[in-house]
Amino acid sequence: MGLLSFSSLALTALAISTPLASAANAIFYPKINLTDTENNLIQAHGGAILRSASSDDNNWYWFGEDKTGLTNSGSFIGVNCYRSSNFVSWERVGHVLSPQDGTNISDSKIVERPKVIYNDKNSEYVMWFHGDNSSYGAAQVGVATSQTVDGQYSWKGNFKPFGNDSRDMTVWKDPDDGSAYLIYATNGNADFSIASLDSDYYYPNESLYTFEEKFWEAPGVFKIDGVFYLIFSRQDGWTPTDNFYMTSTSMAGPWSEATLLAPEGSYAYLTQNAYDIVIEGSKQVVYLYYGDHWSGNQLGSSTYAFHPTTHDGETLSLYKTGAWTLDLATGEWSDLPFDSITAADSTTPDTNLVPCEDGCAGGQAANMTSETSFSFTYSGGAGAKVLGIEYVYNGPKNRFLHIGVTLNGAQAEGNALMETTRGTTYAQEAPFPVELADGDEVTLKLLDADGNAFLIDGVKVYEDLR
Ligand SMILES: *[C@@H]1O[C@H](CO)[C@@H](O)[C@H](O)[C@H]1NC(C)=O
Ligand SMILES: *[C@@H]1O[C@H](CO)[C@@H](O)[C@H](O)[C@H]1NC(C)=O
Ligand SMILES: *[C@@H]1O[C@H](CO)[C@@H](O)[C@H](O)[C@H]1NC(C)=O
Ligand SMILES: *[C@@H]1O[C@H](CO)[C@@H](O)[C@H](O)[C@H]1NC(C)=O
Ligand SMILES: *[C@@H]1O[C@H](CO)[C@@H](O)[C@H](O)[C@H]1NC(C)=O
Ligand SMILES: *[C@@H]1O[C@H](CO)[C@@H](O)[C@H](O)[C@H]1NC(C)=O
């Protein structure tokens, strides 16, 4: 095809880019590399995001695992904390829990899934985490406390809830009555249990419900109109799996059947539930899903995905999007507009077009091998963009492929991690930030040699409004 014509939708984005980028508006590109205000990758995996209890503090606090430089081990580096008033600009506070030599949280141990809840009675923040040794045989929870949300958390110790093993977990506080709950995988990871916490939030108080022989993990909770939604995923190490939810009018159950949170085989758009955030806008409440996009061979390069959820009756769904904006004051959100380039429009002679299995726009996909490519000439106006590369990869487990982008023949910095999808033809979208000018020749190429079918349906071009 010839020069691109930018759609009126995209022009709208240009026209309103200033208000969109204002303090009250969050902008999300699921799975993009997120950096902090010092331009370092945000290291807050398996985390939690909450507001401070102080009414004059407008910030959100993001706690999570620092996995800097880690490949496939989870050794404890520190629990990081970041703060932001807009979910876009994150300032790193630093480690709020650090390794302590010769203890159950030394740098040879495991500290995963740190979650923080505020205890009103004691005016204290209480952090819970999965504490373990390097073989995951200790299987404990750990508890640490701080008087301030972003202070140093003082470690109280690790233990087994009710003497039983505990691995993947969360704690969740019911904002309506202050009761708090531990949800944890137990009995050798087979069972999934819910327990109430004591009034200090230091210990589990009473075991409330156990799902037996399920092999579930990554728990999180939304309470919507008095109904509890318990979100979780299947277990498969760092490999993506589907995420589900169940509902109940009591944390003690009975719980509904498990229902998919996103289409089967989309693996929750290649994420695993980390934390579920409620944003009370003046016009509507937003139930914001924050998932981890694990990079199983390079854990330190794992990214994050924020998706809005929609609910209709008691049906909860992750909303599929490549880029969206949320007005934090009103709770209103929408997809960012984009211009769309389909594979069938590719200008490179070596594009190997094949029929699209997933009904993509243009009807054809580019079959990407080390010999083929997909190109287009850009003409949407100069500036920072995010390419949303739409692809299908029906490859084996934990086989990561990378898409490189060249601009006018020169390699652009960065590469998009194409997830293994372990046997599915669900079309995913990977973000690739790039600076573009009119007339740029953009070429996508597979950087890895791989015989498996890897198909690109097309590319969406969004403004980069971060
Ligand atoms: C982890 O703890 C379990 C239970 O105490 C123990 O059997 C196992 O040997 C420990 N693993 C390591 C690597 O220390
Ligand atoms: C450390 O873990 C051991 C079990 O491996 C447990 O007996 C001990 O109470 C724990 N101590 C602390 C302070 O966490
Ligand atoms: C602890 O584990 C045992 C064995 O799986 C089980 O019978 C018991 O109910 C568990 N206790 C609690 C409080 O979950
Ligand atoms: C702890 O459990 C007991 C019953 O075992 C119950 O009476 C009490 O209210 C519970 N406390 C909290 C804080 O949930
Ligand atoms: C994201 O960051 C990782 C780690 O620094 C890097 O390898 C990768 O190329 C980056 N991806 C993009 C699209 O820039
Ligand atoms: C893509 O190309 C490879 C290599 O030529 C071939 O083996 C594969 O069957 C093609 N995939 C599709 C979906 O046509």
Side-chain angles (χ1 to χ4, degrees), residues 29-36 38-45 66-71 73-76 97 99-112 127-145 153-167 186 188-189 202-203 270 292-305 322-323 384-389 391 400-407 411-419 428-436 442 444-448 459 462 464 466:
Y29 302 87
K31 301 189 287 173
I32 206 164
N33 276 347
L34 289 181
T35 50
D36 63 17
E38 311 252 271
N39 216 27
N40 295 312
L41 282 182
I42 290 184
Q43 288 288 343
H45 309 278
D66 183 348
K67 289 191 162 333
T68 304
L70 294 184
T71 51
S73 99
S75 297
F76 183 40
L97 185 70
Q100 296 177 20
D101 286 352
T103 73
N104 292 335
I105 60 163
S106 73
D107 62 10
S108 66
K109 306 290 185 183
I110 302 283
V111 170
E112 289 178 356
M127 178 189 293
W128 284 64
F129 55 84
H130 168 198
D132 222 318
N133 63 13
S134 59
S135 64
Y136 288 87
Q140 296 170 318
V141 288
V143 177
T145 59
Y153 282 69
S154 159
W155 178 56
K156 297 175 75 70
N158 286 10
F159 61 91
K160 294 188 168 194
F162 309 113
N164 280 350
D165 63 279
S166 173
R167 292 193 175 84
T186 185
N189 260 351
Y202 296 163
Y203 294 101
L270 300 178
D292 289 297
H293 173 58
W294 295 114
S295 176
N297 305 333
Q298 279 190 307
L299 289 173
S301 299
S302 300
T303 59
Y304 318 94
K385 313 289 168 182
V386 175
L387 306 182
I389 304 169
Y391 71 98
F400 293 88
L401 300 184
H402 301 81
I403 278 293
V405 173
T406 57
L407 283 185
Q411 189 77 33
E413 199 183 316
N415 52 55
L417 182 74
M418 296 299 180
E419 190 79 59
Q428 306 285 355
E429 184 171 337
F432 193 105
V434 67
E435 195 78 32
L436 290 182
V442 183
L444 272 52
K445 257 190 108 56
L446 184 62
L447 298 180
D448 319 80
V459 174
Y462 304 97
D464 190 345
R466 295 173 298 158

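First listed ligand is number 1; within each ligand, the first listed atom is number 1.
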Please work out whether any backbone atom (N, CA, C, O) or any side-chain heavy atom from C-beta onward of Leu417 is under 4.0 Å from ligand 5, and answer side chain, backbone, both or neither. neither
Sub-4.0 Å atoms of ligand 5 with respect to non-hydrogen atoms of Ser301: 4 (C)
Keeping Ser154 on the side-chain end and Thr145 on the backbone end, is there a donor-acceptor pair under 3.5 Å? no
All side-chain hydrogen bond (donor to acceptor under 3.5 Å, both in side chains) counterparts of Asp132, not counting sequence neighbours: His130
Determine whether the side chain, the backbone, both or neither of Asn415 has a heavy atom under 4.0 Å from any heavy atom of ligand 5. both
Would a 4.5 Å heavy-atom cut-off, applied to side chains only, mark Tyr391 and Ile403 as touching? no
Side-chain donor/acceptor of Asp464 to backbone N/O of Val386, under 3.5 Å: no
Please check whether Asn33 reaches ligand 5 - meaning an N/O of the residue sits under 3.5 Å from an N/O of the ligand, judged on distance alone. yes
Got a donor-acceptor contact below 3.5 angstrom from the Asp448 side chain to the His402 backbone? yes
With no hydrogens and no angle check, is any side-chain donor or acceptor of Lys109 less than 3.5 Å from a backbone partner on Gln100? no
Can you sort out which atoms of ligand 5 are near Gly414, meaning under 4.0 Å from one of its heavy atoms? 9 (O), 12 (C), 14 (O)
Is the side chain of Tyr462 donor-acceptor paired with the backbone N or O of Pro431 at a distance under 3.5 Å, no angle test? no
At a 4.0 Å threshold, what atoms of ligand 1 neighbour a non-hydrogen atom of Ser134? 13 (C)
List the atom of Val143, the atom of Trp155, and the distance in Å for their closest heavy-atom pair. O-CD1, 3.5 Å
Atoms of ligand 5 close to Leu41 [distance to a heavy atom under 4.0 angstrom, numbered from 1]: 4 (C), 5 (O)
Would you check if the side chain of Asn164 reaches a backbone N or O of Ser166 as a donor-acceptor pair within less than 3.5 Å? no
Is it the case that the side chain of Asp292 and the backbone of Trp294 share a donor-acceptor pair, with hydrogens and angles ignored and the cut-off at 3.5 Å? no
So, regarding Ser135 and ligand 1 (criterion: nitrogen or oxygen to nitrogen or oxygen, under 3.5 Å), is there a contact or not? yes
Per-ligand residue contacts, ligand 2, heavy-atom threshold under 4.0 Å: Asn104, Gln140, Trp155, Gly157, Asn158
